[in-house]
Amino acid sequence: MLNLVLFGPPGAGKGTQADFLIEKFKLIHLSTGDLLRSQIAAKTEMGIEAKSYMDRGFLAPDWIVISMIKSILQENVNANGYIFDGFPRTVEQAWALDVLLEEMGTPVSGMLCLIVDKDELIKRILLRGITSGRPDDQDVSIIENRIHIYNEKTLPLTNYYSAQNKYFKIDGMGSVEEIAHRLIDTVSKL
Ligand code: ADP
C-alpha cells in the first residue's frame, strides 16, 4: 500500500494537489477538514463540538479526528493506499495513525511537506474564502491564528517523520501543474 501524508500550512494547496496524486496513484482521499465539514453539515455531536474550534482557527479535538480516520480505514482495508490530507496535525494524531496502520500491516510511505511563503498563504486563503464561504477563510486574524497553530502544533511533526527518513520537502510556490509534477516525481521514487 502507498500511504502518503500530504503536509503543509493552511492554504498550501494540499486539497488541490491531493487530486493529482489520487488520480495518478489510485489512492483514497482522506481530508480531515472535509470530513469535519461533513459532520458539521450533518449536525452530528462531533460536528457541533468541532465547529466551535474550527470557526476560530483552532484545531478540532484529537479524539474526534482520530475516530473519523479510524472508521474510514476500517471500511477500506483493501485499498491501494491512502492520501492523508490535513492529518496528522499533532504528535498524538501521528502516533494514532501509526497504530492504526500497524494494525493493517502497512506503514506511512512518506510525508510530503509543501513549503509556501506566509504572504502567499494568506492571499490564497482569502481568495478561496470568496467561493468556499468558510468562516475560517474570510478573516485575516483567524487565518493568522491557523498559521500560528500550524507552526506551534503541527510543524514539529516534520521531526517525527524526518527521524524515520520519511520527510520530503516540496517547493509549493509556482503553478499548480509545476507543484503536482514535483510531488509525483518524489512519490514515484518512494
Ligand atoms: P486548511 O489546510 O486550509 O487549514 P482544512 O480543511 O484542512 O484546511 O482544515 C480546516 C480546519 O479544520 C482546521 O483549521 C482545523 O480547525 C480543522 N482540522 C482539519 N484537520 C484537522 C486535524 N487533523 N486535527 C484537528 N483539526 C483539524
Side-chain angles (χ1 to χ4, degrees), residues 3-19 21-22 28-42 44-73 82-101 108 111-158 160-161 170 172 176 179 183:
N3 300 309
L4 305 175
V5 171
L6 192 52
F7 195 86
K14 299 185 291 290
T16 307
Q17 294 301 332
D19 290 343
L21 294 168
I22 291 157
I28 292 185
H29 187 201
L30 262 168
S31 154
T32 40
D34 288 350
L35 292 168
L36 287 165
R37 283 184 288 276
S38 313
Q39 296 285 333
I40 293 173
T44 64
E45 214 172 294
M46 289 201 288
I48 292 163
E49 164 131 26
K51 184 172 167 34
S52 60
Y53 295 90
M54 290 167 73
D55 284 354
R56 291 178 297 131
F58 291 99
L59 294 179
D62 283 335
W63 74 267
I64 294 182
V65 176
I66 293 166
S67 73
M68 290 189 319
I69 292 281
K70 186 175 178 176
S71 41
I72 296 192
L73 290 180
Y82 291 94
I83 179 149
F84 298 94
D85 162 2
F87 177 88
R89 260 167 146 113
T90 61
V91 175
E92 288 73 17
Q93 292 180 17
W95 290 335
L97 179 61
D98 280 350
V99 170
L100 290 170
L101 288 179
V108 167
M111 185 262 229
L112 308 153
C113 180
L114 292 167
I115 310 287
V116 178
D117 298 343
K118 187 177 171 192
D119 289 351
E120 173 73 12
L121 294 173
I122 296 176
K123 216 168 73 188
R124 288 187 192 174
I125 296 175
L126 287 171
L127 194 68
R128 181 174 71 187
I130 299 170
T131 49
S132 75
R134 282 172 48 180
D136 60 340
D137 279 352
Q138 294 176 20
D139 178 310
V140 174
S141 68
I142 295 175
I143 297 171
E144 290 202 325
N145 191 40
R146 286 160 65 194
I147 296 172
H148 171 74
I149 300 273
Y150 170 81
N151 288 329
E152 195 173 294
K153 297 247 166 76
T154 307
L155 205 52
L157 285 180
T158 53
Y160 181 76
Y161 288 103
I170 311 285
V176 169
I179 301 164
L183 282 163

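The residues of the chain are indexed from 1 along the displayed sequence. Both counts, for ligands and for their atoms, begin at 1 and track the order of listing.
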Output block, N or O contacts of ligand 1, threshold 3.5 Å exclusive:
from: ligand 1; atom 1: 2 (O); to: K14; atom 2: NZ; distance (Å): 2.9
from: ligand 1; atom 1: 2 (O); to: R89; atom 2: NH2; distance (Å): 3.4
from: ligand 1; atom 1: 3 (O); to: R128; atom 2: NH2; distance (Å): 2.8
from: ligand 1; atom 1: 3 (O); to: R146; atom 2: NH2; distance (Å): 2.9
from: ligand 1; atom 1: 4 (O); to: R89; atom 2: NH2; distance (Å): 3.0
from: ligand 1; atom 1: 4 (O); to: R146; atom 2: NH2; distance (Å): 3.0
from: ligand 1; atom 1: 6 (O); to: R37; atom 2: NH1; distance (Å): 2.9
from: ligand 1; atom 1: 6 (O); to: R37; atom 2: NH2; distance (Å): 2.9
from: ligand 1; atom 1: 7 (O); to: R89; atom 2: NH1; distance (Å): 3.1
from: ligand 1; atom 1: 8 (O); to: R134; atom 2: NH2; distance (Å): 3.3
from: ligand 1; atom 1: 16 (O); to: F58; atom 2: O; distance (Å): 2.6
from: ligand 1; atom 1: 20 (N); to: T32; atom 2: OG1; distance (Å): 2.8
from: ligand 1; atom 1: 20 (N); to: G86; atom 2: O; distance (Å): 3.4
from: ligand 1; atom 1: 20 (N); to: R89; atom 2: NH1; distance (Å): 3.0
from: ligand 1; atom 1: 23 (N); to: T32; atom 2: OG1; distance (Å): 3.3
from: ligand 1; atom 1: 23 (N); to: G86; atom 2: O; distance (Å): 2.9
from: ligand 1; atom 1: 23 (N); to: Q93; atom 2: OE1; distance (Å): 2.9
from: ligand 1; atom 1: 24 (N); to: Q93; atom 2: NE2; distance (Å): 2.9
from: ligand 1; atom 1: 26 (N); to: A60; atom 2: N; distance (Å): 2.9

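For the side chain to side chain donor-acceptor pair (under 3.5 Å) with D85, the lone residue among K14, H29, Q17 that qualifies is H29.
For D139, the salt bridge (Lys or Arg N to Asp or Glu O under 4.0 Å) criterion is met by no residue, not counting sequence neighbours. For N145, there are no side-chain hydrogen bond (donor to acceptor under 3.5 Å, both in side chains) partners, not counting sequence neighbours.
Within the structure, every pair that satisfies the ring pair (Phe, Tyr, Trp, His ring centres under 6.0 Å) test and touches residues 129-156, not counting sequence neighbours, is listed here: F7-Y150.
For the pair L121 and I143, the minimum side-chain heavy-atom distance is 4.5 Å or more.
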Inset, instruction - Mind running side chain to side chain contact (heavy atoms under 4.5 Å, CB included) on L30 and I83 for me, showing each step along the way? - result: CA-CA 6 Å; L30 262 168; I83 179 149; over 6 Å; no
